[in-house]
Amino acid sequence: MADAATEDSVEQEADAPATNEAALARKWRAEISAAEKAQAKWVERGKKIEKIYADERDLRSDRSRKFNILWSNVETLRPAVYMQTPKPQAQRRYRDRDPVARLASMLLERGLQTSCEMYDFDDTMDQAARDRLLPGRGQVWVSYAPEITNDVLTYEMVLASYVPWQDFLHSVARTWEEVRWVARRFYKSRRELVGWLVEAELAPDKKAAKIKAASLQMDYGAENEKTDEGLKDERAKCQIWEVHSKEDGQVLYIAPGSNDHAVIGVKPPAVKFRDFFPCPRPLLATTTAKSLIPTPDYALYQDQAEELNRVTERIGVLQKALKVVGVYASESAELAQMIEATDNQMIPVKDWAMFAEGGGAKNRIEWFPVDVVAEVLKGLYEIREQAKQTLYEVSGIGDILRGATDPDETATAQGIKAKWGSLRVRRIQKDVQRFAKDIMRLKAEVIAEQFSERTILQMAGVDQELLAKYVPPPPPQEQPQPQPGQMPQQGMDPRVAQIQAKAQHDAAIAQFLKRVFALLKDDTARSFRIDVETDSTLEPDLQEEKQVAVEFMTAMTAFMKEAAPMAAQGPEAAKLVGEILLFGVRRFDKVDELEQVIEQAVEAAAKPRPPQPDPEMMKAQADIKAKEAGLMIDARKADKEIEHKERMADVELKTKVVTAQADMAIKQQEATQRAQEGEQALQLSAAQGQQALKQGEQKMTIADRAAKAKLAMQEGSPPE
């Protein structure tokens, strides 16, 4: 029994992770199901509205006629609420003298602008604005997309991706602050799942990815389509929700159709956004305090739109009936030929007398009463115009927005209509502007906190010339003063000084950039010191911009003309004038460089100036300097004479030394020559003595031989 209990406990521990996974799957399937149920009615209404907008009817000529006021209204409002790509504007929040925040703002602004231009942010915004005007909700998803090759970061991107209105989901809530999680839906085939699981780091390798992909249900596509069997595996896809849960601080990938295997993976978010969600508050149509589910604009004037369709359909029917038809007496066949006769054609009558007696054509033909039809048509047209005006009042699309005006109206009347007739549209414009700004702030968080320093500098196109405008120069170093009685130090080699200055400048830039990137990485400090905005999403009025620029230059020129005498009175007055000028300049956009130049000029003017000397004192100082210069000239002349004499004495001494050295060399050479000659004489004398000795020896030998021969002859013995 004990062994059996132990075995059961081991099996329960082994099954515990699977049970937890199943419980997590059930929880999130229920969450997603509740959110989908809450917006199910709105989704169905949105599908119908899109169908009406696209006019998805057969192109048969006998189809019923409709007045597609929805398409007309949307295409009128669409450029009115979004017309051009917004340009990011990163600036110091309080416009104070903060060089670190100024450079950080420039790097953020250029990085955002580069990202928007490279990845077609305009199309993303346009599609979100269209969804706002049709089903009533538009959304965008911001993500960080690095490219890594062989564990080396090679490229970085920040993407703002359009999310179709049906593929965005959030927890059931009354306000955006109450939303606990957001999700976007995407679809993957079984083959795509394998690569995606490895890329998303939800599976360690392809083998594990294939096992996990096999456990997921392909619950979208092929089951509802009549396709070839060979395409079934490619068309069938798995619905996956990428859920960002603020409560858990995690990102979950959920496939609701896979039951207990619904949780594909859980991991921390790639980017820790300030509000956690990787998307802004969506563009929403009419909402109430009860729910975030919007009411589409079309639903508010649907009755008037259907009335327009009914009237238009009746007009179409009556237009078909509005034609020349009638009946005639069968015995007068000539009457039928009158309708088909060409110009200047006469038609003969067989029995003219009987034809004339019967009252002619007037008494033998009866026309269809087209005047009645025309009168009804006229009334229908009037009804339709009245219905359109009622619809425009309900929808808020006035004549000015549609470009229709009364030529008899005055310009003042048209201005009043333009001002008050677009109030409801301004609300949408403001919301679109807010939406674009929120997206830019999310992208700025990604760039500041995730991008490497090298990528940020490259995106901003930073070079040494640009850094010179933003990095403040280092303070000048004071030269040490010589002590009394100490000779002043000689000047440094210019090349060495240049190298040292460049090294100091490079070190100052490196230290300054370190502070800039520290600010960018610090979310709290960055939020306090840098504000990210966008310019208008509407088409700019170039004439108005030129007028503003001209007025600015005129006002600034007049101010400088009047303030110049005041600024010349002293540093305090110059600083006051500069601050007033900065107060006016900072009210305009795109004036960073001008503002920086004015700040530098103000700082330079605010420095205390040396007091103006007394002219008599200046004259006396000039005389003293002249006398000192004369004395210095005389001293220099004396110094030069002494130096000349010293040089001449030195030359004379050197000449004597050289002459003595030459004499000694000559005598030494003569002594050497004499010694060589004596040695040669001795050698010659020795050679001569040796030669004489040899000759004497030879003579003695001959004499001895002669004597011996003579003796031998005397003794009678033979000679030797």
Side-chain angles (χ1 to χ4, degrees), residues 87-115 144 156 158 271-274 437 440-477 501-535 575 578-579 581-607:
K87 292 184 179 179
Q89 295 178 347
Q91 56 192 4
R92 290 155 295 147
R93 186 173 294 277
Y94 302 108
R95 294 294 186 94
D96 51 0
R97 290 184 179 89
D98 189 350
V100 175
R102 177 184 280 120
L103 180 56
S105 301
M106 184 273 291
L107 294 177
L108 267 185
E109 181 174 319
R110 291 194 174 193
L112 288 170
Q113 187 170 350
T114 302
S115 174
Y144 172 57
E156 294 176 279
V158 53
V271 182
K272 294 182 179 179
F273 292 104
R274 187 181 312 142
K437 178 183 67 176
M440 291 299 179
R441 289 179 174 177
L442 290 174
K443 296 183 70 172
E445 286 190 59
V446 175
I447 292 175
E449 298 180 14
Q450 300 297 321
F451 279 28
S452 64
E453 297 179 4
R454 180 175 62 88
T455 302
I456 294 176
L457 294 175
Q458 288 177 346
M459 290 181 69
V462 175
D463 54 13
Q464 293 298 324
E465 182 179 356
L466 184 62
L467 285 175
K469 296 180 180 179
Y470 285 88
V471 178
Q477 295 183 355
K502 185 178 184 303
Q504 293 176 359
H505 181 67
D506 293 343
I509 290 179
Q511 185 65 24
F512 189 79
L513 288 178
K514 185 177 179 180
R515 294 170 58 194
V516 169
F517 286 113
L519 173 62
L520 289 176
K521 300 297 182 184
D522 189 341
D523 181 71
T524 303
R526 185 182 68 249
S527 303
F528 289 160
R529 295 168 64 181
I530 299 177
D531 183 29
V532 178
E533 301 283 344
T534 61
D535 65 354
K575 185 175 181 180
E579 291 297 335
L581 183 60
L582 285 172
F583 175 79
V585 169
R586 286 169 177 166
R587 297 301 178 270
F588 294 86
D589 295 329
K590 304 176 182 178
V591 292
D592 272 354
E593 293 187 7
L594 177 60
E595 180 186 355
Q596 187 175 1
V597 172
I598 295 175
E599 287 179 357
Q600 293 174 355
V602 171
E603 291 176 358
K607 292 181 179 179

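A distance of 11.0 Å separates CG of D523 from CZ of F273, quoted to the nearest 0.5 Å. Summarising the geometry, atom CG belonging to L107 is positioned 13.0 Å from atom CZ belonging to R102; distances are rounded to the nearest 0.5 Å. Between atom CZ of residue R529 and atom CZ of residue R92 there is a gap of 11.0 Å, rounded to the nearest 0.5 Å. Rounded to the nearest 0.5 Å, atoms CG (L103) and CZ (F512) are 5.5 Å apart.
Within 6.0 Å of the NZ atom in K521, the count of heavy atoms belonging to other residues, nucleotides or ligands exceeds 12.
Counting only distance, with no hydrogens or angles, the side chain of R93 and the backbone of S527 share a donor-acceptor pair below 3.5 Å. Distance alone, capped at 3.5 Å, is enough to place a donor-acceptor pair between the R526 side chain and the L520 backbone.
At a threshold of 4.5 Å between non-hydrogen side-chain atoms, the residues F517 and L457 count as touching. Side-chain atoms of Q450 and V158, non-hydrogen and from C-beta on, never get closer than 4.5 Å to each other.
Within the structure, side-chain hydrogen bond (donor to acceptor under 3.5 Å, both in side chains) pairs that include any residue of residues 452-462 comprise E156-S452, E156-T455, S452-T455 (at least two apart or interchain). For residues 506-520, the set of pairs meeting the salt bridge (charged side-chain N to carboxylate O under 4.0 Å, His left out) definition, not counting sequence neighbours, comprises K502-D506.
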Which atom pairs, one a donor and one an acceptor, fall under 3.5 Å between side chains of residues 440-447 and the rest of the protein, sequence neighbours left out?
residue	atom	partner	partner atom	Å
R441	NE	V532	O	3.0
R441	NH2	D531	OD1	3.1
R441	NH2	E533	OE2	3.1
K443	NZ	S115	OG	3.0
E445	OE1	R274	N	2.9

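The minimum heavy-atom distance between L519 and A101, with the atom names listed, is CD2-CA, 3.8 Å.
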